[in-house]
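Comments concern the structure below.
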Amino acid sequence: MGTPTTRPATLDDVARAAGVSRATASRVLGGYGFASPAARDRVTAVAERLGYVPNTAARALVRGAGVRLVVAVSGADATILDDPYVDRVVSAAARVCAPQGVGVALEWLPLSTLSGLRRLGEDRSVCGVLLVNTTAAVLAAVPAGLRGRVVSIGTGSPAVPSFDVDNAAGADAVLRHLYAGGRRRIAMVTGPRWLSCAERSVTTYQALMRAAGLPVRLVTGDFTAARGGRAAVEALTRWPDTDAIYAASDATALGAIAALRGRGFRVPHDVAVAGFDDIPYAAVSSPTLTTATHPVGLIATAAATAVLQGRRVPPSTAFPSALVARESA
């Protein structure tokens, strides 16, 4: 025969042993509502004696506080959820939420319809929302019921505070590094043009090129390696004298390097390549990738903490980005 096990004490067990109703025991252990001092003393003593562990999720639902933080990612289709950037946001948020007994859920917000935001605002299980790939349309669609419980990782507004990286400064540092290395015909592979926060680096690139009297050469990308490879080939086909490619993400840059080397170009001798993000693979790729830092973990941690603590934060918080010079440029 196996050794008999003792089941965990339930709220009903505590109420029965303390001689009170289940509702009274719930109010005492949940720390809300009225109960007489005598009832509080009995319930507390019995709960301690029985080793009762409250169900924090159930208690949060009763209070309407919610038990899950939703990372809502905007995109044209659900493949946006496969972006490694999203993985890093979810991972950081989970580290913040787990000690609080809060789960993390991932949802796709189709660009064609933003009704999902209204549903999240009405869902009592949702304690807050982190918006990723935020657009002006997304900000406008945030329901009043979510105000104070939503932050954006990217573009924000007075009603929806944002946490992001200063990618304009990062782009500036990388582009100046390319210029200092003698590169004068620099093409840029952008991020998705519908994503407003990605346009900051484009604006920086255009301003620097024009100030230096250099040609502006833009090819639209989507932060993926596959598109980065095709965009690099497109840039060299349109402008054969291109001597450097600045990519809006490391994945894009690594795709560009692979495509260029596959067509006989030497990196960086023929064409220098630089990215943005400083993902772990950037330091061990061949050649190692020149890039700028993007502290996704710190950004997502700050955003999740702000939501869980319900504290007021500045409308916009930008984390610094710094050049990481390596072999590819």
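Nothing here was measured: the structure is a model prediction, and the numbers come from that model.
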Are [X] and [Y] close enough that some pair of their side-chain heavy atoms sits under 4.5 Å apart?
X: Leu323; Y: Val174; value: yes
X: Leu214; Y: Tyr179; value: yes
X: Ile257; Y: Pro287; value: yes
X: Val126; Y: Arg68; value: yes
X: Pro320; Y: Asp166; value: no
X: Ser162; Y: Thr155; value: no
X: Arg42; Y: Val28; value: no
X: Leu131; Y: Leu117; value: yes

Closest heavy-atom contact between [X] and [Y]?
X: Leu120; Y: Glu107; answer: CD2-OE2, 3.7 Å
X: Gly121; Y: Pro143; answer: CA-CG, 4.2 Å
X: Val307; Y: Gly128; answer: CG1-CA, 3.6 Å
X: Trp108; Y: Gly75; answer: NE1-O, 3.0 Å
X: Cys127; Y: Leu308; answer: SG-CD2, 3.8 Å
X: Leu111; Y: Ala76; answer: CD1-N, 3.7 Å

Return yes if some donor-acceptor pair links the side-chain N/O of [X] with the main-chain N/O of [Y] below 3.5 Å, else return no.
X: Asp250; Y: Ala282; result: no
X: His177; Y: Ala325; result: no
X: Ser321; Y: Ala169; result: no
X: Ser201; Y: Ala198; result: yes
X: Thr291; Y: Asp277; result: yes
X: Thr293; Y: Asp278; result: no
X: Ser91; Y: Asp87; result: no

With [X] via side-chain hydrogen bond (donor to acceptor under 3.5 Å, both in side chains) - residues at least two apart:
X: Arg147; result: none
X: Thr242; result: Arg217
X: Thr113; result: Ser115
X: Arg118; result: none

Give every residue pair that meets the ring pair (Phe, Tyr, Trp, His ring centres under 6.0 Å) criterion with at least one member in [range], sequence neighbours excluded.
range: residues 131-162; result: none
range: residues 186-206; result: none
range: residues 282-310; result: Tyr85-His294, Phe276-His294

Exercise for review: Could you list the residues that satisfy salt bridge (charged side-chain N to carboxylate O under 4.0 Å, His left out) with Arg184, not counting sequence neighbours?
Suggested key: none
**Study point:** Results of side chain to side chain contact (heavy atoms under 4.5 Å, CB included) for Ala303 - residues two or more places apart only
**Key:** Leu130, Val151, Ile153, Phe163
**Study point:** For Ala94, all residues meeting side chain to side chain contact (heavy atoms under 4.5 Å, CB included), sequence neighbours excluded
**Key:** Val104
Would you mind checking if [Y] and [X] are paired as a salt bridge, meaning a charged N to carboxylate O distance below 4.0 Å?
X: Arg230; Y: Glu234; answer: no
X: Asp241; Y: Arg185; answer: yes
X: Asp164; Y: Arg200; answer: yes

Practice item. Rounded to the nearest 0.5 Å, what's the gap from CG on Leu208 to OH on Tyr246? Could you check? Key: 10.5 Å
Point to revise | CG on Asp222 to CG on Leu195, rounded to 0.5 Å | key: 11.5 Å
Review point. Do you see a donor-acceptor pair shorter than 3.5 Å between the side chains of Thr10 and Asp12?
Key: no
Check your understanding: Taking everything shown except Arg95 itself, do over 12 heavy atoms lie less than 6.0 Å from its CZ?
Key -> no
Point to revise | For Phe265, ring pair (Phe, Tyr, Trp, His ring centres under 6.0 Å) partners two or more places apart | key: none
Exercise for review: Not counting sequence neighbours, list each pair that qualifies as a salt bridge (charged side-chain N to carboxylate O under 4.0 Å, His left out) and has a residue in residues 257-275.
Suggested key: Arg266-Asp270
Review point. Are Leu254 and Val296 connected in a single hydrophobic cluster, I mean Ile/Leu/Val/Met/Phe/Trp/Tyr linked by side-chain heavy atoms less than 4.5 Å apart?
Key: no
